[in-house]
Amino acid sequence: MNEQLDNILNKALGETDKATDLQALDQVRVNYLGKKGQLTSLLKQLGKLPAEERPAAGQLVNEAKEKLDFALAKARAALKNKEIAEKLSSESIDVTLPGTGQATGTLHPVTKTQRRIESIFANLGFSVAEGPEIEDQQHNFDDLNIPEHHPAREMQDTFYLKDGRVLRTHTSPVQIRTMRKIAKAGQLPIRIIAPGRVYRHDFDATHAPMFNQVEGLLVDEDVTFSQLKGVINHFLGAFFESDLETRFRPSFFPFTEPSAEVDMSCLICGAKDDACRVCKGSGWLEVLGCGMVHPNVLKNVGIDNEKYSGFAFGVGMDRLAMLRYGINDLRLMFEGDVRFLRQF
Amino acid sequence: MKISESWLRELADITLTSEQLVSKLTMAGLEVDGVEAHGHDIVIDIDLTPNRADCISMQGIARELKAIANSTLKPIVIEPIKATIKETFPVKLLAPEACAHYVGRVIKDINPQAATPDWMVQRLETCGLQSISPVVDVTNYVMLELGQPMHAFDLDKLQGGIELRWANSNESLRLIDAVENDNTQLAKRHLVIADKHAALAVAGIKGGELSKVTDATANIFLESAYFNPANVAVTSRKLGIHSDSAYRFARGVDPQRQVEAIERATALLLEITGGEVGPVIDVSDEKHLPKPATISFRPARASQLLGVDVEEKTAKIILENLGMQVKVGEVWQVTAPSYRFDMLLEEDLIEEIARVIGYDELPAVLPEKLSLVPVHAERQLTVDHLRDQLVSRAYQEVMTYSFIDEVSQKHFFPEKDEHTARLVNPVSSEMAEMRKTIWPSLVKSLQHNLNRQVESLRIFELGAAFTSGGEVSVLSGLVYGKVTPEQWRGEKANADFYTVKSDLVSLFALSKSAESFVFRQGGHVALHPGQTAEICRNEKKIGYFGSLHPALVQELELPGEVFLFELEVKELLQATVSQYKPLSKFPSIRRDLAFIVDEAVEYEAIVQTMKSVSDDLLTEIKLFDVYQGKGIQLGQKSMAFGLILQAFSRTLKEKEVAALLTQIVNAVQDEHGATLRN
């Protein structure tokens, strides 16, 4: 029996070694360990042995079975690994080749700027208001306390249509419309920003006949100049992600009183470069205008000037985009040149 | 406005250094634009805001410094000059609403050859004016010094007396330095200074050539007047004459200082040209003279508006230093000085207090009250969603001018339309009309990029279309060239109608109700008639999409096909909140069918037919092939569909599947003359 066992086992092990694929290995398993397999049959013949020899013989057969099992498993694993290894080497690629398929586009720098501004003001509870680009003179001038003979109404500053309407020169008319609507519905306070395209008759290296503005408005009980300062400082610091300094200078706008122009510390040179091209060595960049809403304006929209006060500010979004992204020519914003636009 | 620092320091005791002075002025609202050395002097260029009429003079600035820097004033001593002759010249105010105060003086036997002294020439030049002749120089000097523009006439050229009147409609006047026959046409709303015969000058703006002082003039008539600012502003603009004199009168000259100015001018003239001085002629119309406002002021209101405690004592000192008369009480009565035209309301006083305290001294706080901005409705998309989706589909956002030229507009809207928004005063004829569609601007952008070696373009813009129905917010796009950028493998296919269509469908899908959007055969004058879709949502037309008309491609010299779309934004933003539909636990079955139909039969029509006979069992239709060519008759096409069938609550039986397929095949064959392809 032992000899028979050894022969079978050796033959099996030999075939295992020679097997070149998993199918062949499986065939070996079937031939020796399967239902009709040779080792299995040996086990069945144990009955022919004397009783006291059966346990020892049985153990030997089982040991042989185990050896074969083990060898088969090892061979199987080796074959699987070989298969993988071959796959690995034949499927190697140059990972530095470019990806294929579609590219992506980008948003216009003014859109990005507008979103940033909207987000900063949303956190302060301001919602976004919009309005028409062609306006009547009442909304663009009269309601804003800009009198008839004010230079801003001149042909050299404002675009006119034949019927007397104008292209809005600022987004303040949106504030007027919103204030009137909200005042009529008795739904103060008002916290809005009004972004959008505005138009001025001016076309040179630093001025375009169309540009983008955002104006802000807060009307409530007990709104103060200090709050205006606080909001402006917060806005500029958040927008530029910088601990910048600001200075408020008295100025004049027909629709605010007191009025101020706000400068911020020059981001480019940090007020340290006399030859800085951006701030011309002054260390300050003029960035926006603001003030307390003029009582005449509140009156024009039906808001009680004794009970309510408000502040308003206006800033050029193209200018902010140019400062933020280092763009030096306003005209690039509107040429539709994709080599420029895709940088943002 | 240019001022001389050394001159300023003569008018007030200024303890500040030059640098501090510049900073002080700027931070008080008189923004210094530039500082330049001029010989031994320094020229400070101040950018005055239009409300500060009182600062358009050396005296005005000195006055400011008293308020903002506590400088002591060193006022010029102006003594009335005693008349040495009795001569006067009658003055009549015939338009008192335009001129309510006119002061004049006759000065005879001057020496017109006298030379303007160097110190005066220096000061004129420092402030940007040229020396012309002694009389003119003196009037200019007093204008710079006191802010009162003056004029001098050659008395011998005047006849009868001075009248302040409106011009006649056919009147004209030869202005100073105009050549013969180059007269300026006047109109009824123009105020003139005239004698018995003719207009001599446009009041407050410019004098006449024939009555001006020359180096032969021996006798002069000096004028120092107050003119209504609004009038001067309008006339100056209408005539296009923006003189130094008009600049000051248009903003408002102190109506009470005309006599003082003429005395000052007289004194200077006597020093330079000598002469015999007549008495001061002072004519005014009280009714039309502006009176300084008396404003009710509540100090508490200043604290409230500024957000900082302003002590009454401080407020009073500031206002008084500014020349205001303050009567304290429960409500103060504050009277502005005659030279402050910008003091009308309580808020104007509050601004003065704030700027003298210094805006930078005021605190900066955030408003405390919280405000709830309503959360954006899920049922409403925002334009940001639309933009981001297109960006991820490789579109580049652009922003172009809202105005285009007439020709480009006509390419896309040839009909004559009185509602076209045309600008009366465009910056150029290229930018004279408000665009009714963004397409022409996108095509221009394409040309711009092609000229810069860009080979493919996918751009979009969100903006207003100025249609005859009003301003409509639209989303407009242009695709040209290859679908994908040039790369090392894969199809190098051109973009076409269908590749762009899938971009649009991805936009519609954002609404979670993509099926509400339908593409229908349509027509647009600017698009290829065989490749135009009208896009509708819930039966409403919301835009167009197609290939640029070949005639336009040719005319615009474009190198290939261009695809354009434009959709009304509002209609894109309506969305639905998703609702879960349970999934079937049972397997689906796929059966493929191919039909041969006439070319003209639309895909959508076949799909509708299939759906109409299938109820819920037909869960999906996949078109996987469209074929024309070998094996298919000319004029026909083959369309192959993969039909997915599934029952929600059971496995479909083969019998059912077969029956349904037969129904579908029959319906398609009957309705569209299709034949089943083997």
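Here is how names work: the chains are called A, B, and so on, in the same order as the sequence lines, proteins then strands, and each is numbered from 1.
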Looking at A:P258 and B:L305, what are the two nearest heavy atoms and their distance?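 Looking at all heavy atoms of both residues, the closest pair is CD-CD2, 4.3 Å.
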Could you tell me which non-hydrogen atom of B:G307 sits nearest to which non-hydrogen atom of A:S226, and how far apart they are?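 Closest heavy-atom pair between B:G307 and A:S226: O-OG, 3.3 Å.
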Quick check: do [X] and [Y] have side-chain heavy atoms less than 4.5 Å from each other?
{"X": "A:N305", "Y": "B:E347", "value": "yes"}
{"X": "A:D220", "Y": "B:P367", "value": "no"}
{"X": "B:M399", "Y": "A:E335", "value": "no"}
{"X": "B:V234", "Y": "A:E148", "value": "no"}
{"X": "B:M431", "Y": "A:F203", "value": "yes"}
{"X": "A:R249", "Y": "B:R355", "value": "no"}
{"X": "A:E133", "Y": "B:F466", "value": "yes"}
{"X": "A:L341", "Y": "B:V398", "value": "yes"}

With only heavy atoms counted, which part of [X] is less than 4.5 Å from chain A, the side chain, the backbone, both or neither?
{"X": "B:L457", "answer": "side chain"}
{"X": "B:R52", "answer": "neither"}
{"X": "B:V483", "answer": "both"}
{"X": "B:Q304", "answer": "both"}
{"X": "B:I459", "answer": "side chain"}
{"X": "B:R251", "answer": "neither"}
{"X": "B:V365", "answer": "both"}

Side chains of B:E397 and A:T111: any donor to acceptor distance under 3.5 Å?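 A:T111 vs B:E397: donor-acceptor pair found between side chains.
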Side chains of B:Y395 and A:T104: do they bring a donor and an acceptor to under 3.5 Å?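 On atom types as modelled, these side chains do not qualify, holding no pair under 3.5 Å.
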For B:S445 and A:G336, indicate whether the former's side chain and the latter's backbone hold a donor-acceptor pair under 3.5 Å.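 Yes, the answer is positive, given that a donor and an acceptor are paired below the 3.5 Å cut-off.
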Flag, side chain of A:K162 to backbone of B:V424, donor-acceptor distance under 3.5 Å: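 Answer holds: no.
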Heavy-atom distances under 4.5 Å only: say whether A:S251 touches chain B with side chain, backbone, both or neither.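 A:S251 touches chain B through backbone and side-chain heavy atoms alike.
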Using a strict 4.0 Å threshold on nitrogen-to-oxygen distance, state whether B:R422 and A:D163 make a salt bridge.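 Salt bridge absent between B:R422 and A:D163.
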Using 30° and 60° as the class boundaries, would you call the ring planes of A:F225 and B:Y359 parallel, tilted or perpendicular?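 Taking B:Y359 first and then A:F225, their aromatic rings sit tilted (interplane angle of 30° to 60°).
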Rounded to the nearest 0.5 Å, how far apart are CD of A:E257 and CG of B:L345?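 Interatomic distance, A:E257 CD to B:L345 CG, rounded to 0.5 Å: 7.5 Å.
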Nearest 0.5 Å, what's the OG1-CD distance between B:T382 and A:E118?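 The distance works out to 9.0 Å.
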So A:V231 and B:L366, side chain to side chain contact (heavy atoms under 4.5 Å, CB included) or not? Walk me through it. CA-CA 6 Å; A:V231 168; B:L366 285 175; 4.1 Å; yes
